[in-house]
2 protein chains.
Amino acid sequence: MPRAESPSPETSNRGRPPMSDRRKHIMRTQIARAAVDLFTAKGVSATTGDDIAHELGISTRTLWRYFPSKESCVRPLLTGGLDLMTERLRTWPPELSLTEHLERSGALAEDAGVPSMASMIDLIRMTRTEPGLRAVWLDVHHCAEEVFAEAIADRAGLTPDTLSVRVGAAMINVALRVAAERFADHADHEAGDEDDKDMADLIRAALEVVEDGLGPFTR
Amino acid sequence: MPRAESPSPETSNRGRPPMSDRRKHIMRTQIARAAVDLFTAKGVSATTGDDIAHELGISTRTLWRYFPSKESCVRPLLTGGLDLMTERLRTWPPELSLTEHLERSGALAEDAGVPSMASMIDLIRMTRTEPGLRAVWLDVHHCAEEVFAEAIADRAGLTPDTLSVRVGAAMINVALRVAAERFADHADHEAGDEDDKDMADLIRAALEVVEDGLGPFTR
DNA sequence: GAATATTTGTCGCTAAGCGACAAAAAGTCG
DNA sequence: CGACTTTTTGTCGCTTAGCGACAAATATTC
């Protein structure tokens, strides 16, 4: 049986601590990369699971072991920004409000946090026209809601199931989603108007609405 | 070719104004009913498109002409509540705030607005465990965001693309979603604690968080 | 290096979902 | 009502998604 070569020489863990989980993680990101490349090149519907698998030199069966559908292959890329956000929730300092803390996390995410920003931008754009990708995108954020709810509940001394906590977590979540979508949409205008260009400003502006509420808005 | 009998005698438009669109709409709701019944009875993964089609006496090919996947067959049921909400946005009186207006709409929805409330509750519960149904549920609400954005923008004299408008619409939207999910989860406890029992109270409480914002919450 | 556990590939299968064509409706006009 | 047109439906065939089972290959442990 012709064994597939390691996905990439520099990402393989040769000699270093074995760590089987690491291998899986690398494989998933490799698949995600190949998938997004093919999606952007040929379109989602024209890309088959066989295409993605063949690109990496793995069998189709193995591909479906890593992801349950071809659209979900790009999930690791779409979670990139949120992973950093939710990760930093663990070190949420008491003197900062949640929005302040998230704003600073957002500033980090833009710079070095996410390795392949260009692919992510392409992906988020594709979610507009590709229902399958949009479903993944929405689900990624839906999963993040849970994490936000736990963080908020923990801080406020409430249960994550409290209605206000769930709504609050969802509000935070959509603010980040809308900011990301807007960033993706306006990313290539580059040297245009300097209103809300970088991710940090967008996140700040979006979270501001969440912070203040709709009261002063739609009355 | 054995023609399928009309889905139901009383829902067929025999002799009355022709109206081809009406037939389609009836067909869609009939399919949705059959789908949710089979999903609750056998589970989603164990239900095939053939099952749904056979239940209605139509061919599988026709089923896929009405819906692009078996999960999306239940979409008409999941949009029930939101349809009423967005429809009533057209008659949003100037003297009411958006949340006030939506609260009243919510009170209507509970009573007579949605015909098959029981099926909807079952469906929303299933979205927890069935990824395919959750995707439909999230997408239904995502589509509603667009409508809310237009309504808010229209009232505020802004473009629907304004960041604050989009975030605001998304906030409204998730509040309604969380309220619906909570209602579905706590629906059968019936005569338990009288905290947040009916839909109207839940919507009111959820929209209150949106109205006030997270400022007084996570600081 | 041998024994064990995990991963992968091959095979076979069910089901999703679409394109094309023909039959059967439904709608139209006289 | 009857001929005509338009829309809908069914049948057929096909590609792809995606999983279960078993065997080979690989990784891990001792």
Side-chain angles (χ1 to χ4, degrees), chain A residues 1-7 11-28 30-31 35 38-39 42-75 130-133 135-136, chain B residues 1-7 11-28 30-31 35 38-39 42-75 130-133 135-136:
Chain A
M1 183 186 303
R3 171 69 178 89
E5 64 276 4
S6 267
T11 52
S12 77
N13 51 352
R14 182 175 286 277
R16 278 165 298 224
M19 206 60 117
S20 183
D21 277 349
R22 182 161 213 83
R23 281 173 35 81
K24 280 184 205 167
H25 182 260
I26 291 174
M27 192 66 176
R28 283 175 64 90
Q30 290 295 112
I31 292 175
L38 287 170
F39 286 171
K42 304 171 49 178
V44 178
S45 59
T47 302
T48 70
D50 286 341
D51 292 337
I52 303 173
H54 189 264
E55 183 79 15
L56 296 165
I58 63 176
S59 77
T60 312
R61 186 63 183 89
T62 302
L63 179 67
W64 302 136
R65 283 202 184 92
Y66 279 93
F67 293 99
S69 70
K70 67 175 178 180
E71 288 89 358
S72 62
C73 289
V74 302
R75 198 179 229 272
E130 296 290 339
L133 291 184
V136 177
Chain B
M1 181 186 303
R3 172 68 179 89
E5 64 277 3
S6 266
T11 52
S12 78
N13 53 350
R14 182 174 284 279
R16 278 166 297 225
M19 207 63 116
S20 184
D21 278 348
R22 182 160 214 84
R23 282 173 33 81
K24 281 185 206 167
H25 182 261
I26 292 175
M27 193 64 176
R28 284 176 63 91
Q30 291 294 112
I31 292 175
L38 286 171
F39 286 170
K42 303 170 51 177
V44 177
S45 60
T47 302
T48 70
D50 286 342
D51 292 337
I52 302 173
H54 190 264
E55 183 79 13
L56 295 165
I58 63 176
S59 78
T60 312
R61 187 65 182 88
T62 302
L63 179 66
W64 302 136
R65 283 201 184 93
Y66 279 92
F67 293 99
S69 70
K70 67 175 178 180
E71 289 88 358
S72 61
C73 289
V74 302
R75 198 178 227 272
E130 297 289 339
L133 291 184
V136 176

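Keep in mind the model is a prediction, meaning the values are calculated, not measured. Chain naming here is simple, since letters A, B, ... match the order of the sequence lines and numbering starts at 1 in each.
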| field | Intermediate values then yes/no, side-chain contact (heavy atoms from CB on, under 4.5 Å), B/V136 and B/S69 | value | CA-CA 10 Å; B/V136 176; B/S69 70; 5.6 Å; no

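One interatomic measurement links the two molecules: CG of B/D50 to C1' of D/dG10, which rounds to 13 Å at whole-angstrom precision. Protein atom CD1 of A/I26 is 16 Å distant from nucleotide atom C1' of D/dT26, rounded to whole Å. Counting to the nearest Å, the C1' atom of C/dG17 and the CD1 atom of B/I52 are 13 Å from each other. With rounding to whole Å, B/K70 atom NZ is found 15 Å from C/dT14 atom P. Rounded to an integer number of Å, the gap from CE of B/M27 to C1' of D/dT8 is 10 Å. The interatomic distance linking A/H25 (NE2) with C/dT6 (P) rounds to 21 Å, in whole Å. The interatomic distance linking B/R28 (CZ) with D/dT9 (P) rounds to 13 Å, in whole Å. Residue A/E71 contributes atom CD, which lies 12 Å from atom C1' of D/dT16 at whole-angstrom precision.
If you check C/dA16, D/dG18, D/dT9 against the side chain of B/T48, the one that comes closest is C/dA16. Side-chain atoms of B/I58 lie closest to D/dG10 of the nucleotides C/dA26, C/dA16, D/dG10.
The CD atom of A/Q30 sits 11.0 Å away from the NE2 atom of A/H25 when rounded to the nearest 0.5 Å. Rounding to the nearest 0.5 Å places OG of B/S72 at 14.0 Å from OH of B/Y66. How far CD1 of A/I58 is from CD1 of A/I31: 4.5 Å, rounded to the nearest 0.5 Å.
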Please tabulate, one pair per line, each protein N/O and nucleotide N/O from nucleotides 18-21 of chain C that are separated by under 3.5 Å, including the distance.
unit_1, atom_1, unit_2, atom_2, d
C/dG19, N7, B/R61, NH2, 2.9
C/dG19, O6, B/R61, NE, 2.9

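Side-chain nitrogen and oxygen atoms of B/S59 include at least one within less than 4.0 Å of the OP1 or OP2 phosphate oxygen of D/dG10. Between A/Y66 and the phosphate of C/dT7, there is no side-chain N or O to OP1/OP2 separation shorter than 4.0 Å.
Among residue pairs with one or both ends in residues 54-65 of chain B, none qualify as salt bridge (Lys or Arg N to Asp or Glu O under 4.0 Å); sequence neighbours excluded.
Here A/S69 lies in heavy-atom contact (under 4.0 Å) with sugar-phosphate atoms only.
Listed for the A/K70 side chain is no donor-acceptor partner under 3.5 Å among the backbone atoms of A/D50.
With sequence neighbours excluded, the residues that form a side-chain contact (heavy atoms from CB on, under 4.5 Å) with A/T47 are A/L38, A/F39, A/K42, A/D51, A/I52.
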